[in-house]
S.K.: 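Could you have a look at this structure, given as structure tokens, before my questions?
Worth saying up front: this structure is predicted, and the values here are computed from it rather than measured.
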Amino acid sequence: LEGTPGHAPPDHARCIAISTDASLREMVAPAVLVMSTPLLFGIFLGVDAVAGLLAGAISSSIQMAISASNTGGAWDNAKKYV
């Protein structure tokens, strides 16, 4: 399409800037949640609650990591049959 009227060469830097800005904007709320939750637990519920929160978060994230790893392997094997 380059060279035809109304079509300009692609602006890759602008495309990357748009997607980067949008992704950074979308990650503000999760970042605030992750950083404020232990602080709020500590302020309102005490040290024992923070320890429980962190223990639960670590144990559930290990399960999620194992599940994601197995799922990725299953998808990789499945695409070989398609």
Side-chain angles (χ1 to χ4, degrees):
L1 293 173
E2 261 184 71
T4 59
H7 291 91
D11 187 2
H12 299 293
R14 184 169 177 258
C15 180
I16 291 170
I18 289 170
S19 61
T20 302
D21 292 342
S23 64
L24 288 175
R25 216 175 324 137
E26 291 289 326
M27 289 307 295
V28 170
V32 169
L33 179 67
V34 165
M35 295 180 72
S36 65
T37 301
L39 294 173
L40 293 174
F41 264 62
I43 291 169
F44 293 115
L45 301 174
V47 176
D48 291 336
V50 175
L53 171 75
L54 294 177
I58 290 169
S59 62
S60 64
S61 63
I62 290 171
Q63 174 58 37
M64 296 254 321
I66 292 170
S67 176
S69 175
N70 289 340
T71 304
W75 274 106
D76 187 47
N77 290 335
K79 73 179 181 182
K80 293 175 185 174
Y81 293 111
V82 175

S.K.: In the hydrophobic clustering that connects Ile, Leu, Val, Met, Phe, Trp and Tyr at side-chain heavy-atom distances below 4.5 Å, which members other than V34 occupy its cluster, ordered by chain and number?
M.R.: none
S.K.: Go through the structure and list residues passing side chain to side chain contact (heavy atoms under 4.5 Å, CB included) with K80, not counting sequence neighbours.
M.R.: D76, N77
S.K.: Under the rule for side chain to side chain contact (heavy atoms under 4.5 Å, CB included), what residues qualify as partners of T71, not counting sequence neighbours?
M.R.: S67, W75
S.K.: Can you give each donor-acceptor pair under 3.5 Å made by side-chain atoms of residues 52-66, sequence neighbours left out, with the distance rounded to 0.1 Å?
M.R.:
unit_1 : atom_1 : unit_2 : atom_2 : d
S59    : OG     : A55    : O      : 3.1
S59    : OG     : G56    : O      : 3.1
S60    : OG     : G56    : O      : 2.9
S60    : OG     : A57    : O      : 3.2
S61    : OG     : A57    : O      : 3.0
S61    : OG     : I58    : O      : 2.8

S.K.: For a quick test of your reading: what N or O donor-acceptor pairs under 3.5 Å do the side chains of residues 17-24 make, sequence neighbours left out?
M.R.:
unit_1 : atom_1 : unit_2 : atom_2 : d
S19    : OG     : C15    : O      : 3.3
S19    : OG     : I16    : O      : 3.1
T20    : OG1    : I16    : O      : 2.7
S23    : OG     : S19    : O      : 3.2
S23    : OG     : T20    : O      : 2.9

S.K.: Without placing hydrogens or testing angles, list every side-chain donor-acceptor pair under 3.5 Å for residues 35-42, not counting sequence neighbours.
M.R.:
unit_1 : atom_1 : unit_2 : atom_2 : d
S36    : OG     : V32    : O      : 2.7
T37    : OG1    : L33    : O      : 2.6

